[in-house]
Structure formats: C-alpha cells, structure tokens
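Below is one structure; the comments refer to it alone.
It should be emphasised that the depicted structure is a prediction, and the values quoted were computed from it without experimental measurement. Proteins come first, then strands; the chains are lettered A, B, ... in the order of their sequence lines, and each starts at number 1.
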Amino acid sequence: MSGRKEDFVPNTPGKVGMYVCGITAYDVCHLGHARSAVVFDIIKRYLRYRGFDVTHVRNITDIDDKIIAKAAQENISTDEVAGKYTEEYYHDMELLGVGRADIEPNATDHIKEMLEAIETLINKGFAYPVDGDVYFEVSKFEGYGKLSGKNVDDLISGARVDVDDRKKSPLDFALWKASKEGEPWWESPWGKGRPGWHIECTAMSSKYLGNSFDIHGGGADLTFPHHENEIAQSEAYSGEQFVKYWIHNGFITVDKEKMSKSLGNFFTIKEILNKYEPEVVRYFLLTAHYRSPIEFSDVQLNEAELSIDRYYTTVLRVSDFLEAPESKEKNINAEELEELLSSFKDKFHNAMNDDFNTASALGFIFELIRELNRFLDGKPSGQKAHDIVVRASDLLAEVGGVLNIFNKTPKEWYSALMKTKNISFSDEDLEQKIQERQQAREEKDWAKADVIRNELAELGVVLEDKKDSTRWKIKLG
RNA sequence: GGCGACGUACCCAAGUGGCUAAGGGGGAGGUCUGCAAAACCUUUAUGCAUCGGUUCGAAUCCGAUCGUCGCCUCCA
C-alpha cells in the first residue's frame with residue numbers, strides 16, 4: 001500500500017488470505033495471463049513452503065460486455081462462452097504448472113452478495129441509483145487514488161472518460177448496470193440488470209476472506225481503476241482496511257510494447273506451447289523479477305530451454321555417479337561444495353523473502369549446479385562423496401519443487417523435447433542406431449561412428465559418449 | 001497534460017550505501033575426449049544512460065537532462 005517493499009506481517013499470524021484477480025472468460029489466454037497466474041502460483045507455493053496457511057481465492061469474471069458480445073457473435077449463451085473459456089484457462093494453467101486456487105468463485109454465483117453490498121453502499125450514502133444503474137460516488141470516499149497515486153482533481157481535469165450526464169462526476173463508476181434488450185439480467189431493487197465489473201471482487205473477497213485480508217494481486221494494469229475502485233467500494237462498505245499488501249505483476253512485452261489483446265501483439269499460450277515445453281515457458285517467466293517487464297522472444301525462450309537442459313544434464317551426471325559401483329574413498333575435495341551446501345538454503349530463502357526474487361534465486365541454483373559439476377569432475381568416490389552428492393541433488397529438487405520446475409526425470413525431459421521439436425524417432429530406432437554405433441566404436445571404426453553421429457545430429461539428436469556407453473539428448477539452441 | 005516505472009557487459013538479468021558488480025546465453029583460449037559433445041578452468045563491465053550533488057565511501061540516496069515503457073479507456 002505504501003508503494004514500496006514492506007515486511008510481511010499477516011493479519012493473523014501464520015495465516016494468509018490472498019485474493020488474485022483471475023480472468024474475464026471471453027477468449028483464450030495469452031502469455032500475459034500466464035505470467036500473472038505463474039507469479040501468484042509461485043508466491044502461494046513459497047508462502048506455503050515457509051509454513052503459512054494460505055487461502056488463495058481467484059475469481060472468474062463470467063459476465064461482462066465482452067462476454068455478452070462474444071455470445072451474441074457466436075449465438076450462444078454467456079454461460080456457454082464463460083464456461084468454455086474457463087475450461088481452456090484451467091487447461092492452459094495446468095500445463096504451466098499453476099495449481100488451482102482454493103476457492104474459484106464465479107461472479108454470477110454471487111449476485112446476491114453483490115446486491116447486498118450495493119444496497120449497503122447506497123444506504124451509507126456512497127452510491128446512488130439512476131435509471132436502473134447504480135453508481136459509486138467517488139467524491140464521497142476520502143482517499144480515492146491512494147493506491148495508484150492519483151488525485152481526484154487531476155483525474156477529472158485529464159478525464160478521457162465518456163461524459164455521462166447522469167453521473168454526478170465522470171469518475172463515478174457503475175456498481176450495477178441496467179440490462180439492455182437481449183442481455184442477461186438479474187432482478188434487483190433498481191430493475192433488471194447485471195453487476196458492474198469491480199463489485200464482484202468486493203463481494204467475493206469479503207465473503208471468502210473477510211473484510212480485511214493480507215494480499216491482493218493482479219496485473220499492473222488493474223491497479224487503476226479496478227483495484228482503486230475495489231478499495232473505495234470495500235472500505236466504504238466495511239469501514240475497515242481492505243487489503244494490507246498489494247502485489248502487481250509487470251507485463252510481457254513484444255518489441256518493448258505491452259502484449260495485449262487490443263494491440264494485437266499477443267501470443268496465446270497454446271501457440272507458444274506448440275514450440276516450447278511448458279516448463280520452458282514457466283522458467284522463462286521466472287527469469288525476471290515479477291514486477292519488471294519481460295520481453296517475449298524466441299531468443300529468450302531458447303535460453304530458458306538451455307538453462308533447464310543444463311539442470312537435467314547435471315541430474316544425469318548425478319545418477320551416473322550414484323549408480324556407479326561402490327569404491328574406495330578418494331578425491332574428496334569437497335570444501336567449496338560443502339560450504340555452498342550449508343549456505344544454499346539461506347541464499348535461496350533470502351532471495352525469495354526479498355519480494356519473491358526468483359531471478360536471484362535461479363542464480364543461486366545455477367551456482368550450486370556449477371559447484372556440483374565441479375565436484376563430479378574430480379571423479380570422487382566413496383560414501384562421503386556419495387552423501388554430498390545426494391545432499392546437493394536433494395536441495396536442488398527441494399527448491400525446484402517450490403518453484404514447480406525441474407520436476408521431470410531427464411528421460412521425460414528429452415522425450416518431451418523430442419515431441420515439441422517434431423523429431424520423429426522411436427526409442428527403439430534410436431537405441432538401435434546407438435547400438436550400431438557402439439559396435440563401430442568398439443571396433444574403432446571411427447568413420448562409421450561419425451557417420452551415424454552426424455546422421456542423428458541432422459535429425460536434432462546429439463550423442464554424448466561415455467566410457468562404455470552413449471547417451472542421447474536433443475539438440476538445442 | 002497528470003501520475004509512475006525503468007535505463008547494469010555482445011544479449012538476457014540479479015544487485016538499491018561499503019570486501020574482487022550474482023547467474024544464464026554468446027565469443028576467445030584451455031583441460032578432458034579416437035574426434036566430438038557435455039562438464040570444468042581462464043578470459044570477455046576500473047565500470048552500472050549522461051551531468052552535477054550528498055557522503056569517509058554510491059550502480060545503489062538527491063537533483064537535472066536524455067531515452068524507453070506503462071497507467072490515466074477494456075486489459076494479466
């Protein structure tokens with residue numbers, strides 16, 4: 001609320017109430033929606049990991065102008081439109097590793113609560129009905145603009161809002177809208193109508209989290225007017241502080257410009273997932289701090305892919321090491337790795353405690369990966385080395401789990417890549433080629449071995465020779 | 001016009017008062033390897049848009065300038 005970072009102290013110790021604005025279900029989601037969902041998914045996961053009892057509410061707006069327009073266009077009901085795109089949303093989010101919220105309320109299931117809130121606001125003198133509409137009177141609410149840093153006079157003088165003579169001020173916003181011919185409607189004391197956009201969040205958040213809760217989130221574009229209006233309504237309604245901490249995620253940009261529906265410069269999640277693994281997209285979204293803009297490009301996605309590959313490559317090395325037959329203690333030069341192991345969790349926690357700095361956290365993860373690789377390069381063996389490697393890989397898995405990345409086996413990763421890269425090669429064919437080449441290698445027929453290796457490389461499969469076997473991976477970059 | 005954010009190497013990106021400016025990608029050289037690949041090592045910003053100021057000390061605070069973007073209208 002202060003516009004800067006603050007120490008996090010929840011209203012009730014150990015418990016967190018978090019409300020995040022979900023989507024308006026009228027079309028398929030693009031990467032911008034994914035970012036918001038992933039950011040708050042990470043926040044929730046991290047808070048839970050640190051022991052908070054989090055109640056996460058994420059609403060779905062299932063009635064509004066665009067849904068009505070879409071329904072008319074496709075000649076189906078608004079419920080069908082909203083239902084369809086809500087399902088698409090859940091599907092996309094599941095692929096991206098975004099967990100479901102604890103409570104996922106629809107606006108239209110809470111008309112009663114909204115009507116109750118609107119009536120209270122009218123009774124308290126904060127709202128007025130006109131011709132079947134009801135408006136919130138902004139000038140009655142002291143402190144309007146406190147979230148977005150705007151002041152009412154500036155807003156009025158610079159108003160680009162449609163002038164509507166029925167409103168007392170151009171800033172007043174609709175709590176309830178009279179329905180037009182053919183539109184869906186609900187009965188209300190002011191006639192047939194439907195809710196305005198902002199009121200659903202007030203009604204539903206107070207129902208599920210109480211009048212005052214800890215975290216409210218959404219995209220930075222919701223700060224004004226949506227969240228500003230929510231504050232006005234909610235605090236006017238309850239007389240209590242609405243939200244303690246506001247969290248707004250930055251935008252995805254394309255050529256430095258905000259990715260958005262209206263600019264038409266958006267890529268849908270489905271389009272992107274045709275080319276990249278969901279894990280790559282999720283990782284990409286974590287490479288910058290959640291408040292910063294993040295530029296979408298193939299270069300960036302490819303780099304994310306390479307980074308993840310580096311992780312899985314290390315996992316392969318670890319399993320090779322752990323599967324190797326027991327042997328005597330030797331080459332234990334583990335000082336640096338052990339030092340890092342003992343400080344690693346603190347580093348990770350500090351990064352995440354500092355406003356969920358995932359980019360910094362990833363830096364520490366790769367620092368550990370490098371040290372681990374370095375240790376393995378020393379060809380250590382014995383119980384002590386074994387324990388250290390297990391400890392390192394457990395730590396990596398633990399923090400990967402918090403971020404919900406790095407949760408595949410290397411084999412799953414490469415098989416998945418094979419699909420997204422459209423490499424049509426069955427496991428059997430591949431194994432056969434490798435066998436064939438292994439034979440050639442044993443006979444020191446290097447020419448033949450190289451032919452096979454090149455042949456596979458053409459198809460996008462790279463081979464890595466080990467002492468007495470060969471591993472395949474997918475060529476990246 | 002009002003309000004706000006940002007500008008760190010070839011690219012991406014942490015760092016917001018004090019040891020040698022994280023990490024990833026790319027480049028160059030090397031170790032390893034039949035050759036590769038991977039991994040590792042060395043190297044690639046005496047400098048953090050520019051100019052001033054505060055301070056013993058600033059990428060980090062303050063001011064100005066330039067540039068980019070966002071919100072003020074539906075928007076994650």
Side-chain angles (χ1 to χ4, degrees), chain A residues 3 5 20-24 26 29-40 64-66 145 148-151 153-162 171 197 217-226 228 248-253 256-263 266 283-284 287-289 291-295 297 299-300 302-310 313-314 316-317 347 351 354 357-379 441 444-447 449-450 453-454 457 462-467 470-473 475 477:
Chain A
K5 287 191 261 189
V20 182
C21 290
I23 55 155
T24 298
Y26 76 105
C29 291
H30 61 66
L31 191 59
H33 301 100
R35 184 177 196 190
S36 181
V38 167
V39 162
F40 291 101
D64 98 315
D65 291 347
K66 281 173 298 195
S148 55
K150 299 179 186 305
N151 78 62
D153 294 338
D154 289 343
L155 284 168
I156 291 172
S157 61
R160 311 202 313 228
V161 191
D162 290 340
L171 299 184
W197 174 34
D221 46 4
L222 297 182
T223 309
F224 189 91
H226 183 52
E228 200 66 71
H248 290 105
N249 62 277
F251 304 125
I252 304 284
T253 59
K256 302 260 179 192
E257 273 189 324
K258 177 185 174 185
M259 179 183 289
S260 74
K261 204 78 176 130
S262 44
L263 285 171
F266 61 92
Y283 180 94
F284 160 70
T287 57
H289 185 89
R291 269 186 281 108
S292 310
I294 182 167
E295 174 77 9
S297 72
V299 173
Q300 302 262 57
N302 287 332
E303 282 188 11
E305 199 170 64
L306 281 170
S307 295
I308 297 173
D309 198 65
R310 183 164 157 75
T313 299
T314 303
L316 281 174
R317 291 192 71 185
K347 288 180 170 180
D354 185 11
N357 196 333
T358 52
S360 175
L362 290 174
F364 293 124
I365 288 174
F366 282 95
E367 192 182 19
L368 177 53
I369 286 174
R370 190 187 62 225
E371 282 306 326
L372 176 56
N373 274 319
R374 209 147 81 102
F375 180 68
L376 291 171
D377 271 2
K379 303 214 190 313
R441 284 180 69 212
K444 299 214 190 297
D445 184 351
W446 307 125
D450 289 351
R453 187 167 63 196
N454 290 337
V462 287
L463 299 183
E464 289 182 12
D465 292 334
K466 298 191 296 174
K467 269 237 161 50
T470 296
R471 167 145 51 227
W472 64 271
K473 292 167 63 173
K475 194 172 160 191

Can you tell me the distance, in whole Å, between the [atom1] atom of [X] and the [atom2] atom of [N]?
X	N	atom1	atom2	answer
A/L222	B/rC71	CG	P	11 Å
A/D309	B/rG24	CG	P	14 Å
A/D154	B/rC3	CG	P	6 Å
A/L368	B/rA22	CG	P	18 Å
A/I365	B/rA22	CD1	C1'	13 Å
A/E305	B/rG26	CD	C1'	16 Å
A/H226	B/rU73	NE2	P	15 Å

Which residues pass the salt bridge (Lys or Arg N to Asp or Glu O under 4.0 Å) test with [X], sequence neighbours left out?
X	result
A/D65	A/K177, A/R194
A/R35	none
A/E295	none
A/R317	A/D377

Taking the [atom1] atom of each, how far is [N] from [M], in whole Å?
N	M	atom1	answer
B/rG25	B/rG67	C1'	26 Å
B/rU55	B/rC66	C1'	26 Å
B/rA28	B/rA36	P	15 Å
B/rA14	B/rG24	C1'	11 Å
B/rG63	B/rU54	C1'	11 Å
B/rC19	B/rA58	P	11 Å
B/rC3	B/rU8	C1'	26 Å
B/rG47	B/rC41	C1'	25 Å

Report task. State, to 0.1 Å, how close A/I294 and A/A288 come at their nearest heavy-atom pair, and which atoms those are. Result ->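 In terms of heavy atoms, the two residues are closest at CD1-CB, 3.8 Å.
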
Report task. On RNA chain B, check which nucleotide each of A/G363 and A/T253 is closest to and give me the residue with the more 5' one. Result ->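 Residue closer to the 5' terminus by nearest nucleotide: A/G363.
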
Query raised in the report: Quick one: do A/D354 and A/K5 make a salt bridge, cutoff under 4.0 Å?
Result: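 Salt bridge present between A/D354 and A/K5.
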
Query raised in the report: Is a donor-acceptor contact shorter than 3.5 angstrom present between the side chain of A/K150 and the base of B/rC71?
Result: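 Result: at least one qualifying N/O pair found.
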
Side chain to side chain, [X] and [Y], heavy atoms closer than 4.5 Å:
X	Y	answer
A/L362	A/Y283	yes
A/F284	A/L31	yes
A/I23	A/C29	yes

Of all the choices, [options], which nucleotide is nearest to the side chain of [X] once you look at every atom?
X	options	value
A/D354	B/rC72, B/rG23, B/rG15	B/rG15
A/T24	B/rA14, B/rA76, B/rC72	B/rA76
A/H33	B/rA13, B/rA76, B/rC69	B/rA76
A/K256	B/rU68, B/rG23, B/rA76	B/rU68

If the cut-off is 4.0 Å, is [X] near the phosphate of [N], judged by side-chain N/O to OP1 or OP2?
X	N	value
A/N357	B/rG15	yes
A/K258	B/rC71	yes
A/T287	B/rG25	no

Report task. Go through the structure and list residues passing side chain to side chain donor-acceptor pair (under 3.5 Å) with A/K261, not counting sequence neighbours. Result ->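 Once residues adjacent in sequence are excluded, the partners of A/K261 under the side chain to side chain donor-acceptor pair (under 3.5 Å) criterion are A/D27.
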
Would you classify [X] as touching base, sugar-phosphate or nothing, given that sugar-phosphate means primed atoms plus P, OP1 and OP2, and contacts are heavy atoms under 4.0 Å?
X	result
A/A359	base
A/F364	nothing
A/G22	sugar-phosphate
A/H248	nothing
A/I252	base

With the criterion being N/O to N/O and under 3.5 Å, what pairs connect the protein with nucleotides 8-11 of chain B, and how long is each?
none

Residues in side chain to side chain contact (heavy atoms under 4.5 Å, CB included) contact with [X], at least two apart in sequence or another chain:
X	result
A/S297	A/V299, A/Q300
A/D309	A/T313, A/W413, A/Y414, A/L417, A/K473, A/L476
A/E257	A/N265
A/K347	A/L340, A/S343, A/F364, A/E367

Query - Under 4.0 Å protein heavy-atom contacts per nucleotide of nucleotides 31-41 of chain B, with B for base, S for backbone only and - for none - result: ---BBBBSBSS

Query raised in the report: Using Watson-Crick and G-U wobble pairs whose two distances are both under 3.5 Å, how do you write the pairing of RNA chain B as dot-bracket, with | for links to another strand?
Result: ((((((((.[[[..)..(....]]]((((((.......))))))....[[[[[..)....]]]]])))))))....

